[in-house]
Amino acid sequence: MIRKMKLAGENLEFKMTNKTIFDIDELYGNFGAVINGVMQNSNLYNNSARVVACSCITRELTEEELKEKLTPEQLTQDLVSFAIQIYLDYMGVKESDDSDKDHKKK
């Protein structure tokens, strides 16, 4: 699933792929440490920024550029959940809706 974010007036698209994992591993030394940091609140904002920046498919986006262009609201309210959703999309985890729950009960 492609997710979208407007960053300083520019519409960008994001999706984690296998290449994203290799990019994070190369840039930051260990993909597992970065994603675990996001999922377990360790160095949370930096690790979230790393996942989001490396997942940009519109163009090359550096972590520093992302950090500079995020609004305070995007940083404090959106960045972490956006990084988590990108990862969950990659892993194939789907959000269930109420109709899904109703079907499972029957």
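- Listed by chain and residue number, Asn18 satisfy the side chain to side chain donor-acceptor pair (under 3.5 Å) test with Tyr90 (two or more places apart in sequence, or in another chain).
- Side-chain contact check for Val80 versus Ile84: some heavy-atom pair is nearer than 4.5 Å.
- Phe82 meets the ring-ring contact (aromatic ring centres under 6.0 Å, His included) test with Phe14; sequence neighbours excluded.
- Applying the salt bridge (charged side-chain N to carboxylate O under 4.0 Å, His left out) definition to pairs two or more places apart or across chains, those involving residues 28-56 are Arg50-Glu63.
- Hydrophobic cluster membership differs between Met16 and Met1, with clusters built from Ile, Leu, Val, Met, Phe, Trp and Tyr side chains linked at under 4.5 angstrom.
- Looking at residues two or more places apart in sequence or on another chain, you find no side chain to side chain donor-acceptor pair (under 3.5 Å) involving Asp25.
- Grouped with Ile57 in one hydrophobic cluster are Ile2, the linkage being side-chain heavy-atom contacts under 4.5 Å among Ile, Leu, Val, Met, Phe, Trp and Tyr residues.
- With contacts defined as side-chain heavy-atom distances shorter than 4.5 Å, the pair Thr62/Glu68 does not qualify.
- Partners of Lys6 according to the salt bridge (Lys or Arg N to Asp or Glu O under 4.0 Å) rule, which considers only residues two or more places apart in sequence or in another chain, do not exist here.
- By the salt bridge (Lys or Arg N to Asp or Glu O under 4.0 Å) test, Lys15 is found to be paired with no residue, residues two or more places apart in sequence or in another chain being considered.
- For residues 16-39, the set of pairs meeting the ring pair (Phe, Tyr, Trp, His ring centres under 6.0 Å) definition, not counting sequence neighbours, is empty.
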For residues 39-46, tabulate all N or O donor-acceptor pairs below 3.5 Å that involve a side-chain atom, not counting sequence neighbours.
{"unit_1": "Asn43", "atom_1": "OD1", "unit_2": "Asn46", "atom_2": "ND2", "d": "2.9"}
{"unit_1": "Asn46", "atom_1": "OD1", "unit_2": "Lys67", "atom_2": "NZ", "d": "2.7"}

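- Remark: Gln77 engages Glu73 in a side-chain contact (heavy atoms from CB on, under 4.5 Å) (not counting sequence neighbours).
- Listed by chain and residue number, Gln74 satisfy the side chain to side chain donor-acceptor pair (under 3.5 Å) test with Thr71 (two or more places apart in sequence, or in another chain).
- With hydrogens and angles disregarded, no donor-acceptor distance shorter than 3.5 Å links the side chain of Ser48 to the backbone of Val38.
- Under the salt bridge (Lys or Arg N to Asp or Glu O under 4.0 Å) criterion, Glu65 pairs with Arg59, Lys69, not counting sequence neighbours.
- Leu7 places a side-chain heavy atom less than 4.5 Å from the side chain of Leu61.
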